[in-house]
Amino acid sequence: MERFQWVRHRCRQLLAIDSERGWYSPPDGLPSKSSSQKVRARRRTVLARHGPHQEEYEAMSKKYKGNSICTTKYSLLTFIPMNLFQQFHRAANLYFLFLALLNWVPVVEAFEKEITVIPLLVVLTVIGIKDALEDYRRYLFDKKVNNNLVRVFCG
């Protein structure tokens with residue numbers, strides 16, 4: 001019953017454009033939440049980066065991850081394995097790999113072994129260089145975005 005009264009009150013309030021009360025004010029006759037219950041909020045500590053509490057800030061900030069942007073796919077150590085893994089998800093590359101491996105079997109050998117590997121190596125190299133350049137451009141853009149100066153508006 002109380003909810004129906006509250007909905008009816010809100011509809012009247014919205015239709016009448018009553019600006020005296022806030023959006024979540026209770027209808028007349030119903031107790032407000034703040035009067036019946038105490039608001040229990042968690043406290044938080046805000047430490048300045050520079051100043052007398054700099055050591056506390058550094059100790060606290062080690063627990064949390066930074067807010068820098070990183071959209072790169074690869075690192076220097078993971079480029080070759082991850083790039084090859086993604087390359088061999090393509091059907092054409094798997095087909096050429098299958099042909100190269102099949103040509104190493106003496107019974108089925110149609111061409112020289114090295115000749116069948118060359119097209120696959122050329123395609124993998126070209127696509128790898130393209131992916132490396134794209135990832136490097138992403139790295140430069142991330143660096144540019146992370147080093148932008150920002151304004152912080154408080155209060």
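- What you find for F79 and A132 is that their closest heavy atoms are CZ-CB, 3.7 Å.
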Steps toward side-chain contact (heavy atoms from CB on, under 4.5 Å) verdict (W104, V117): CA-CA 10 Å; W104 282 79; V117 177; 3.8 Å; yes
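- Residues that satisfy the side chain to side chain donor-acceptor pair (under 3.5 Å) test with T71, not counting sequence neighbours, are D142.
- Atom OH of Y139 is surrounded by 12 or fewer heavy atoms from other residues, nucleotides or ligands within 6.0 Å.
- Note on L149: it does not cluster hydrophobically with L140, by side-chain heavy-atom contacts below 4.5 Å among ILVMFWY residues.
- Residues Y74 and L124 share a hydrophobic cluster, clusters being chains of Ile/Leu/Val/Met/Phe/Trp/Tyr side chains in contact below 4.5 Å.
- Residue Y95 forms a side-chain contact (heavy atoms from CB on, under 4.5 Å) with just one option from N93, L99, L97, and that option is L99.
- In this structure, I80 places its CD1 atom where only 12 or fewer heavy-atom neighbours from other residues, nucleotides or ligands lie under 6.0 Å away.
- Each of L120, L121, V122, T116 was checked for a side-chain contact (heavy atoms from CB on, under 4.5 Å) with I118, and the lone residue meeting it is V122.
- Grouping the Ile, Leu, Val, Met, Phe, Trp and Tyr side chains by contacts below 4.5 angstrom, directly or via other members, places L94 apart from V123.
- Residues K73 and R138 meet the side-chain proximity criterion, which asks for heavy atoms closer than 4.5 Å.
- A side chain to side chain donor-acceptor pair (under 3.5 Å) with N83 is found for one member of D135, D131, T78 and no other, namely D131.
- Heavy-atom contacts from other residues, nucleotides or ligands closer than 6.0 Å to NZ of K130 number more than 12.
- For F141, the CZ atom sits in a loose shell: 12 or fewer heavy atoms of surrounding residues, nucleotides or ligands are nearer than 6.0 Å.
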